[in-house]
Amino acid sequence: MLEITIIAVGKMKEKFYIDAASEYLKRLGAYARVAVTELPEARRPDSPSPAETSAAMEREADAILAAVPKGAALVAMCVEGREMTSEEFSAELEKLAAGGVSKLCFVIGGSDGLSQRVKAASRIRLSMSRMTLPHHLARVMLLEQLYRAMNISSGGKYHK
């Protein structure tokens, strides 16, 4: 069974996001073992300079890279990543599995995104949209798309 880890910078606080994420985690259980690791956002001053923002992102990168499960293919969720349809995403997951990948790790950055170091360590850079999204909403969207992709692969009726 596929093992999926989602590393997310920032703690989900809003009940509606928590409820939605829980629903898709429950559904995904039929297809994969999924774990979510929340990492704290690195502290920044109220009005950080570019150097302070960069330093905070590098501290987050240290924590992210330390949390990636050994042997997992890393997928960075970032605006400059590749956009895919749900069918293309499903096919990409199938291709990874056929190539021997049994562990995937998706990373969602905090309010400033991901450091270049995390992006460079990633096997895939994936974008949900060129629009900026709240990272908590991106987590729910990722969980839903993972469920949809696996349902497509199994010939289910969820995807219409």
Side-chain angles (χ1 to χ4, degrees), residues 1-12 17-18 20-41 57-160:
M1 182 175 267
L2 183 63
E3 292 181 34
I4 299 172
T5 302
I6 297 172
I7 298 173
V9 176
K11 183 165 177 60
M12 207 181 271
Y17 286 139
I18 293 167
S22 294
E23 176 62 26
Y24 288 112
L25 282 167
K26 180 176 77 175
R27 292 180 186 193
L28 270 166
Y31 301 104
R33 284 189 289 273
V34 184
V36 176
T37 301
E38 289 183 336
L39 300 175
E41 200 160 6
M57 289 173 68
E58 288 306 314
R59 289 192 302 276
E60 291 168 358
D62 290 339
I64 289 167
L65 294 172
V68 174
K70 185 177 181 176
L74 189 59
V75 180
M77 304 301 296
C78 52
V79 71
E80 70 275 14
R82 184 173 144 213
E83 290 183 20
M84 297 182 203
T85 65
S86 296
E87 295 88 349
E88 289 168 337
F89 184 50
S90 179
E92 186 69 24
L93 294 179
E94 287 178 11
K95 185 172 105 179
L96 287 168
V101 173
S102 62
K103 294 181 185 180
L104 288 171
C105 182
F106 292 84
V107 181
I108 301 169
S111 57
D112 292 312
L114 293 170
S115 80
Q116 287 301 324
R117 192 159 42 107
V118 173
K119 293 174 192 177
S122 298
R123 185 165 180 170
I124 299 169
R125 293 182 190 185
L126 181 63
S127 174
M128 295 195 163
S129 170
R130 291 184 351 205
M131 294 180 182
T132 301
L133 302 171
H135 52 273
H136 300 320
L137 178 59
R139 188 185 325 181
V140 172
M141 290 173 60
L142 173 60
L143 288 166
E144 190 279 337
Q145 284 299 302
L146 283 165
Y147 172 68
R148 183 178 297 273
M150 294 185 181
N151 191 267
I152 289 169
S153 292
S154 70
K157 296 182 189 224
Y158 178 75
H159 181 69
K160 297 175 185 165

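In this chain, numbering begins with 1 at the start of the sequence shown.
Side chain of Arg139 to backbone of Ala21: no donor-acceptor contact under 3.5 angstrom is found. The main-chain N or O of Ser86 is never found under 3.5 Å from a side-chain atom of Ser90 such that the two would form a donor-acceptor pair.
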Donor-acceptor pairs are to be reported for all side-chain atoms of residues 64-71 against protein atoms at under 3.5 Å, with residues two or more places apart or in another chain.
none

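Closest non-hydrogen pair, Leu126 versus Phe89, comes out as CD2-CE1, 3.7 Å. Residues His135 and Val9 come closest through the heavy atom pair CD2-O, 3.3 Å. Between Ala73 and Val101, the closest heavy-atom pair is CB-CG1, 3.9 Å. Among all heavy-atom pairs drawn from Glu144 and Tyr158, the shortest one is OE2-OH, 2.8 Å. Closest approach of Ala30 and Met1 over heavy atoms only: O-CE, 4.1 Å. The heavy-atom pair separating Arg125 from Cys78 by the smallest distance is CB-SG, 3.8 Å.
Side-chain N/O atoms of Tyr147 and Glu23 include no donor and acceptor closer than 3.5 Å.
Put simply, the side chain of Ser153 does not reach to within 4.5 Å of the side chain of Tyr31, judged on heavy atoms. With a 4.5 Å cut-off on side-chain heavy atoms, Leu2 and Met150 count as touching. Contact of the Arg123 side chain with the Leu96 side chain is registered, since non-hydrogen atoms from C-beta on lie closer than 4.5 Å. Counting only heavy atoms from C-beta outward, the side chains of Ile6 and Leu146 approach each other to under 4.5 Å.
Residue-environment remark: CE (Met131) stays at or below the threshold of 12 foreign heavy atoms within 6.0 Å.
Within the model, atoms CZ of Arg33 and OG of Ser102 stand 9.0 Å from one another, a figure rounded to the nearest 0.5 Å. Going from atom CE of Met128 over to atom CG of Leu137 covers 8.5 Å, rounded to the nearest 0.5 Å. Here the CD1 atom belonging to Ile18 is positioned 8.5 Å from the NE2 atom belonging to His136, to the nearest 0.5 angstrom. Atom CE of residue Met84 and atom OG of residue Ser127 lie 10.0 Å apart, to the nearest 0.5 angstrom.
When each of Met77, Glu38, Met141 is tested with Ile108 by the rule side chain to side chain contact (heavy atoms under 4.5 Å, CB included), just one qualifies, namely Met77. If you run side chain to side chain contact (heavy atoms under 4.5 Å, CB included) between Phe106 and each of Thr5, Leu143, Ile4, Leu74, only Ile4 comes through.
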For side chain to side chain contact (heavy atoms under 4.5 Å, CB included), just list the numbers for Glu41 and Glu60, CA-CA rounded to whole Å, side-chain angles, deciding distance to a tenth of an Å, and then say yes or no.
-> CA-CA 7 Å; Glu41 200 160 6; Glu60 291 168 358; 3.1 Å; yes
What's the verdict on side chain to side chain contact (heavy atoms under 4.5 Å, CB included) for Met12 and Val36, showing C-alpha distance, side-chain angles and the deciding distance?
-> CA-CA 11 Å; Met12 207 181 271; Val36 176; over 6 Å; no
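In this structure Glu83 satisfies the side-chain hydrogen bond (donor to acceptor under 3.5 Å, both in side chains) test with no other residue, sequence neighbours excluded.
The pair Glu88-Arg82 does not count as a salt bridge, with every side-chain nitrogen at least 4.0 angstrom from each carboxylate oxygen.
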